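The block underneath contains the structure these notes are about, expressed in structure tokens.
Counting convention: from 1, in listed order, for ligands and their atoms alike. Given the structure is predicted, the values throughout are model-derived calculations rather than measurements.
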Amino acid sequence: MKTSFLFGKTTRETPSEAQIRSHQLMVRTSMIQSVASGIYSYMPLALRSMQKIEHIIREEIGNAGGQEVLLPTLHPVELWESTGRSEAFGDNLFRTKDRRNRGLVLAPTHEEVMTNLVKFNISSYRDLPIILYQIQTKFRDEPRPRAGLMRVREFDMKDAYSFDINSEGLDVSYQKMKQAYKNIFSRCGLSTIPVEADSGAIGGKDSQEFILPAESGEDLVLSCPNCEYAANVERAEGTIPSPPTQDQLPIKEVATPNQKTIPGLCKFLNIEPINTLKALFYTADGEIVFVVTRGDLEVNEIKLKNLLKVSDLRLANNTEVENKGLIAGSAGPMGIKNIKLVGDSSITKGSNFVIGANKHDFHLLNVNYERDFVVDILGDITKTEEGHGCPSCGGTLKEIRGIEVGHIFKLGTFFSEALGCLYLNDKGEQLPVHMGCYGIGVGRLLAAAIEQNHDDKGIIFPISIAPFHIHLVSLNTEKEEVVHQSNALYKDLTQTGYQVLYDDRAESPGVKLNDADLLGLPIRIITSNRNFNNDCAEVKLRNEKDSKIIPIKDISATIENILQTTG
Ligand code: ATP
Ligand code: MG
């Protein structure tokens, strides 16, 4: 492809709304153009890259036994209501109506339709296992679209679904898909870490996200430098620091005028947050609950939601708290009645805590779990933080920021039971199919690849997903003989089967070289006056500093060599 012909021009200006490098670079190289918040057009360079990613995905999912299908985008809303997910997705679901006023949704994912497809096409255990996948457009009305292709409202996802006769079968499919994911990311030239993730309301057994480490990422991961353990912060279950046990002392009430926060209280009493218990109030599916944790820890609302098995959870407002006769800022778990008490396991680790006295401006000293109060539900509901202990080997957890590029998930029988996707076993019994689902966002993967592979001059494309292998940059286009030489080389390279972007424009060398750095194709070949007479060209890899002068006749062999060694 000649640059003079290529649709889309590079720009010097960095768009003001583009906060992260991948977004800036994709706009500056004219890969994408914003249409509205979280909605993009993909231009030729982006599309070429995405098609390569899709090709790798198709090969690997195919190798894992996946068969490609294509399901519709428009789904009848009743199907989403039958699994309760119309409500669960809430405002994230794009809803529309047809001319007969029948409700439709623009699909954000395809478990329902895929389960129905399989339901009508299997009957017995002999028809299983099956893995089906598609690469298809998803719609999600994200509350905060951001960072270019990272979080958009319309995007292409590879979504795969496995169907097995039992949980052992599901384990096998899950492992196959996990391996396929590892292969996909490594073939795309990316380094990712599989981390344990929250399985959400559906409550499958296992769920893992593939996180690409990047400072600009939205996901926080706690990982252990000593072993394989890595988990999304939403899910991580590290061991918390425990203060030394002390003899339990008698309770004492103290005046704490105007001390309504843990830091204030600690300063006033000259103690540490680890010596206090804090009270928080939530409404959980409409019911007010009293949550108590140790003062040095933060509530993890996802863990709390999972422990309470509720779908709607938010902090209660002052009126709701007061209506229950509670005093925010001076509330404590002793003597509480008519309200569900939920405690974090940390409240059992430590002694002689300071708690609110349920009386304005008073606290109690030396309160101990079990001796002085108990909770209705006890569980791990606080955030694991950097420095906490690894649950697997006891090492010290470290925090890593990253981008979720893929997600694999054991669904179990949630959808097959809700939608009646059943099979007959060898005894003639009807049983629900065990399912898994597996997603990769194609555009997010491209953006994440750029986020991981760039320098201050531009993108450094991994060769497997670069829009072209070679950037042939012809300097001195004012010299007819250089143009001839470049044209011939371009023809030669393309005929050999390389994908070449040929900068044939009558621009200055500076502009062309900057553009080549910006776009970051893996191999750059420069033809110019300087090397014309000895029939040579300059070859440079985007990820290396130095270039080599190579005789034109040897260029093909050199490129072949590079492609073989870089994969
Ligand atoms: P997130 O937590 O980032 O919203 P998710 O858990 O909703 O992601 P899944 O439903 O598991 O994501 O979707 C599978 C994959 O689709 C994700 O791993 C990601 O690569 C991609 N993806 C999800 N939402 C978006 C989005 N709004 N924009 C771009 N890609 C997305
Ligand atoms: Mg999401």
Considering distance alone, does some N or O of [X] sit under 3.5 Å from an N or O of ligand 1?
| X | result |
| --- | --- |
| Val405 | yes |
| Leu149 | no |
| Glu404 | yes |
| Phe155 | no |

Inset, instruction - Is it possible for you to check whether Arg444 lies under 6.0 Å from the centre of the six-membered ring of Phe155, through NZ or CZ, and within 45° of that ring's axis? - result: no

Contact partition for [X] relative to ligand 1, non-hydrogen atoms under 4.0 Å:
| X | answer |
| --- | --- |
| Asp159 | neither |
| Arg151 | both |
| Met150 | backbone |
| Leu445 | neither |

Legend entry - Atoms of ligand 1 close to Glu142 [distance to a heavy atom under 4.0 angstrom, numbered from 1]: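 Counting from 1, the qualifying ligand atoms are 24 (N), 26 (C), 27 (N).
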
Inset, instruction - Indicate yes or no for a side-chain donor-acceptor contact from Ser30 to the backbone of Gly8 under 3.5 Å, with no hydrogens or angles considered. - result: no

Legend entry - Side-chain donor or acceptor of Gln136 paired with backbone N/O of Leu71 under 3.5 Å: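 Judged by distance alone, yes, a pair lies under 3.5 Å.
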
Legend entry - Min heavy-atom dist Thr109 to ligand 1 below 4.0 Å: no

Inset, instruction - Answer with yes or no whether Gly406 contacts ligand 1, where contact means a heavy atom under 4.0 Å from a ligand atom. - result: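 Contact present.
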
Legend entry - Within 6.0 angstrom of Asp98 CG, more than 12 heavy atoms from elsewhere: yes

Legend entry - Presence of salt bridge, Lys305 and Asp285, under 4.0 angstrom: no

Legend entry - Proximal candidate to atom 10 (O) of ligand 1 [heavy atom criterion; set Lys138, Arg140, His407]: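 Minimum heavy-atom distance to atom 10 (O) of ligand 1 goes to Arg140.
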
Inset, instruction - Verify whether one side chain among Tyr181 and Gln208 offers a donor that lies under 3.5 Å from an acceptor in the other. - result: no

Legend entry - side-chain contact (heavy atoms from CB on, under 4.5 Å) partner of His55, chosen from Glu59, Gln51, Arg58: Glu59

Inset, instruction - Please assess Arg85 against Thr109 for the test side-chain hydrogen bond (donor to acceptor under 3.5 Å, both in side chains), listing each intermediate value before the final yes or no. - result: CA-CA 11 Å; Arg85 292 217 302 173; Thr109 176; 4.6 Å; no

